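As a basis for the values below, the full set of heavy atoms in this structure was taken, side chains included, without hydrogen atoms, waters or symmetry mates. Here the structure is a predicted model, which means the values were calculated and not measured. Numbers for residues simply follow the sequence, beginning at 1.
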Amino acid sequence: MEKIVEQGLLYDFYGELLTEHQRNIYEDAVYNDMSLAEIAEQHGISRQGVHDLIRRCDKLLAGYEEKLHLVRKFAEAKQTAARIDRLAEEGKGMPEKECREQLDLIRQLTAGLMENL
């Protein structure tokens with residue numbers, strides 16, 4: 001299951017860099033959960049051709065992530081946003097001094113988040 005999630009994320013970020021043919025076959029395999037035989041029949045190519053194309057796409061997408069790190073940066077930004085949300089929720093009802101400290105931490109996290117975008 002984890003591999004499918006990773007493939008989906010990589011495709012979401014870098015799928016437009018694939019050719020239309022690669023995108024169609026990759027979407028059938030990853031998103032539509034079609035078998036190699038079904039994809040091969042639909043696109044008029046061999047099962048081995050489908051298999052090779054999917055592996056090639058996996059390598060291409062992983063290579064883009066290796067160079068650009070967009071998925072990693074997105075995951076880090078998501079974690080930071082969740083932490084900011086938790087801190088803001090915790091700050092409700094705090095005494096003023098503690099609330100200011102909480103706000104300072106939120107500002108630091110926000111500044112780091114903006115810097116990394």
Side-chain angles (χ1 to χ4, degrees):
M1 181 66 158
E2 187 175 309
K3 181 179 179 178
I4 292 173
V5 171
E6 181 183 347
Q7 286 175 311
L9 272 174
L10 289 172
Y11 182 80
D12 287 346
F13 278 87
Y14 306 112
E16 290 299 315
L17 299 173
L18 300 175
T19 67
E20 185 177 353
H21 180 67
Q22 289 171 326
R23 282 194 308 270
N24 290 334
I25 290 178
Y26 202 77
E27 285 176 9
D28 284 344
V30 175
Y31 289 114
N32 301 330
D33 198 28
M34 293 172 66
S35 71
L36 296 179
E38 291 171 323
I39 297 169
E41 184 179 323
Q42 183 174 343
H43 293 278
I45 58 177
S46 69
R47 287 178 59 228
Q48 184 63 46
V50 172
H51 179 267
D52 291 346
L53 192 138
I54 292 168
R55 287 180 52 109
R56 197 166 39 254
C57 288
D58 281 336
K59 286 182 182 181
L60 281 170
L61 297 173
Y64 293 138
E65 175 60 16
E66 235 177 77
K67 292 176 182 127
L68 300 171
H69 309 289
L70 296 178
V71 175
R72 180 181 54 83
K73 288 178 183 178
F74 173 75
E76 290 171 358
K78 195 172 170 183
Q79 288 176 342
T80 300
R83 185 168 179 215
I84 289 169
D85 188 56
R86 279 192 310 274
L87 290 170
E89 189 63 35
E90 291 169 6
K92 292 179 180 176
M94 278 186 170
E96 188 175 332
K97 183 181 181 212
E98 290 177 26
C99 190
R100 286 182 190 204
E101 291 171 2
Q102 200 87 334
L103 285 174
D104 287 340
L105 181 54
I106 288 172
R107 283 190 194 102
Q108 290 172 5
L109 290 169
T110 304
L113 185 60
M114 295 304 290
E115 191 175 297
N116 289 326
L117 292 179

Residues in side chain to side chain contact (heavy atoms under 4.5 Å, CB included) contact with [X], at least two apart in sequence or another chain:
X     : result
Asn32 : Asp28, Met34
Ala77 : Leu113
Leu17 : Tyr14, Tyr64
Ser46 : Gln48

Keeping to residues at least two apart or across chains, list the ring pair (Phe, Tyr, Trp, His ring centres under 6.0 Å) pairs with something in [range].
range           : result
residues 84-117 : none
residues 80-114 : none
residues 25-44  : Tyr11-Tyr26, Tyr11-Tyr31
residues 90-115 : none

Compare all side-chain heavy atoms of Ile54 with those of Leu36 and state whether any distance is below 4.5 angstrom.
yes
Quick one: side chain to side chain donor-acceptor pair (under 3.5 Å) partners of [X], sequence neighbours excluded?
X      : value
Arg72  : Glu76
Arg83  : none
Arg107 : Asp104

Using a 3.5 Å distance criterion without hydrogens, assess whether the side chain of Glu65 forms a donor-acceptor pair with backbone atoms of Val71.
yes
With side chain to side chain donor-acceptor pair (under 3.5 Å) as the rule and sequence neighbours excluded, what pairs involving residues 108-117 come up?
none
